[in-house]
2 protein chains.
Amino acid sequence: MIGHTFIEVFQNKVAELEKKFRQIKFLGQGTIYPDRIESAQPSKFASKIKSHHNVTLPEKMKLKLIEPLKDFYKDEVRQLGKELRIPDQILNRHPFPGPGLAIRILGEITEERLKILREADYIFIEELKRSGYYDKTWQAFAALIPVKAVGVMGDARTYEYLISLRAVTSVDAMTADWARLPDELLERISARIMNEVRGVNRVLYDISQKPPATIEYE
Amino acid sequence: MIGHTFIEVFQNKVAELEKKFRQIKFLGQGTIYPDRIESAQPSKFASKIKSHHNVTLPEKMKLKLIEPLKDFYKDEVRQLGKELRIPDQILNRHPFPGPGLAIRILGEITEERLKILREADYIFIEELKRSGYYDKTWQAFAALIPVKAVGVMGDARTYEYLISLRAVTSVDAMTADWARLPDELLERISARIMNEVRGVNRVLYDISQKPPATIEYE
């Protein structure tokens, strides 16, 4: 659904721009090597692991695809970026999935859940940046687990969502290890999320290596 | 359902024993003070937080309830036990909930899920004992989160369950903090669970304090 909407919005925008200016012939896309491996159709070498990469466009789109980075791993892409003097803030930004937060909600996607997830993710990333750990991790994000567990607020019983925090270190994203964040930092993040985000009463830290887990949840 | 089955089995056993021996008049139960507070009906002081304590028996059961520990906190109960020379292995055993693993599966309870949970919990507790952390924690257990997340096994994509590990330190269970386990220990436990337990491809460590979270999940 998200992929189709993406293409639809994209096509409308192309039509709009072509009316204003001239025919658009090319589409530049930041595909890198691991995207191609992980999105490839089952073969002798790799079966389909990620389902959400839009590596190819629909046939009827007449744009020619340009993917100058498709043969490089991410660390190589960053080296190239450094040569080109791209600012660190852009160059070192964590990867973000094409379908956005939809793949970080394990179940039905609702506005309420998106709001909760955004708030939790904001606190997580803010604390990582503040403590200097953002740049020491390959990728970090919060995921919402739509299973309600019991909690206690004042004297009352509450049923709210679980938030899982994922932070990994990696060189090329083909393998990844969970980031060893300091206990005090995890403690602060967990307390802030439970205190500040309405709808969350339990926070978990993902301690799974890839493989067998993946970095993203879907 | 579990509560009712418990009473049913209990009543049958009482009848069986009474036929063999003589009338049974008393039931000794290990209720302690926090059980009474947390299972109490909503009042000025505390609303119902835990739902699974069987503090009272059905009216029609004629047994007189004896709860010699009902006014003590757990640390006091253990002091009493020490005075009575009860072996450490029994005295320091972690609490285990009345309804068993049912409250540690967040959703439908099936045989497959119980099997997975038992295996994961066994590894967790075994590693805690081996490393000396079992005695340093108040309670530790695995919980099964019946939400399937993507993983990768060899070249294939897998959808399997999440396991959450909960280990807390506490004095009286009224408040609790997540145990600061060493990274190497968490790493070993997580790797063993993912490698040895079929059906699990992601392991999370619970970093929630009580309050607002509870120790158990239900």
Side-chain angles (χ1 to χ4, degrees), chain A residues 37-38 40 42-51 103 106-107 143 145-160 162-166 177-178 180-181 183-184 186-187 189-191 193-195 200-214 216-218, chain B residues 37-38 42-51 103 106-107 143 145-160 162-166 174 177-178 180-181 183-184 186-187 189-191 193-195 200-214 216-218:
Chain A
I37 299 199
E38 297 197 341
S43 75
K44 259 201 296 199
F45 308 108
S47 70
K48 197 174 173 182
I49 290 162
K50 284 191 202 169
S51 61
I103 59 165
L106 297 181
I145 302 175
V147 162
K148 297 196 170 189
V150 71
V152 41
M153 195 71 82
D155 281 335
R157 187 170 170 167
T158 63
Y159 274 103
E160 305 189 339
L162 313 182
I163 284 289
S164 171
L165 304 177
R166 180 75 162 145
D177 199 2
W178 50 282
R180 273 44 168 187
L181 301 180
D183 289 342
E184 312 77 60
L186 286 176
E187 181 180 331
I189 293 165
S190 151
I193 290 174
M194 287 192 287
N195 289 333
V200 176
N201 68 5
R202 204 173 276 270
V203 177
L204 311 164
Y205 186 61
D206 193 325
I207 55 170
S208 317
Q209 290 183 323
K210 172 187 180 179
T214 47
E216 294 282 353
Y217 279 51
E218 181 55 76
Chain B
I37 299 199
E38 298 196 342
S43 74
K44 259 201 295 197
F45 308 107
S47 69
K48 197 175 173 180
I49 289 161
K50 286 193 204 169
S51 60
I103 60 165
L106 297 181
I145 302 175
V147 162
K148 296 196 172 190
V150 72
V152 42
M153 196 70 83
D155 281 334
R157 188 169 169 167
T158 63
Y159 274 102
E160 305 188 339
L162 313 182
I163 285 288
S164 171
L165 304 177
R166 181 76 162 143
M174 299 299 283
D177 199 2
W178 49 282
R180 272 46 167 184
L181 301 180
D183 288 343
E184 311 78 60
L186 287 176
E187 183 181 331
I189 294 165
S190 151
I193 290 174
M194 288 192 288
N195 289 334
V200 176
N201 68 4
R202 204 172 275 272
V203 177
L204 311 164
Y205 186 61
D206 193 326
I207 55 170
S208 316
Q209 291 182 324
K210 171 186 180 178
T214 48
E216 295 281 355
Y217 279 51
E218 180 55 78

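Basis for what follows: all heavy atoms, side chains included, without hydrogens, waters or symmetry-related copies. In what follows, every chain begins at residue 1, and chains take the letters A, B, ... in the order their sequences are listed.
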Discussion item. If I measure from the heavy atoms of chain B, does A:L106 come under 4.5 Å with its side chain, its backbone, both, or neither?
Written reply: both

Worksheet item: With distance as the sole test, does B:R180 use its side chain to make a donor-acceptor pair with the main-chain N or O of A:E184 at under 3.5 Å?
Response: no

Worksheet entry | Any B:L165 side-chain heavy atom under 4.5 Å of A:I207 side chain | yes

Worksheet item: Where does B:V147 contact chain A at under 4.5 Å (heavy atoms): side chain, backbone, both or neither?
Response: side chain

Worksheet item: Which atoms of A:I193 come close to chain B, meaning under 4.5 Å heavy atom to heavy atom: side chain ones, backbone ones, both, or neither?
Response: neither

Worksheet item: Would you call A:S208 and B:M194 a side-chain contact if the rule is heavy atoms closer than 4.5 Å?
Response: yes

Worksheet, complete the sentence: Smallest heavy-atom separation, A:N201 atom then B:A213 atom, equals O-CB, 3.2 Å

Worksheet item: Side chain, backbone, both or neither: which part of A:L162 has a heavy atom under 4.5 Å from chain B?
Response: side chain

Worksheet item: Hey, what do you get for CG (B:D177) to CG (A:D183), rounding to the nearest 0.5 Å?
Response: 9.5 Å

Discussion item. So A:Y205 and B:L186, do their side chains get closer than 4.5 Å, heavy atoms only?
Written reply: no

Discussion item. Just by distance, no angles: are the side chains of B:T214 and A:R202 close enough, under 3.5 Å, to form a donor-acceptor pair?
Written reply: yes

Worksheet entry | Side-chain touch A:V203/B:D206, heavy atoms, less than 4.5 angstrom | no

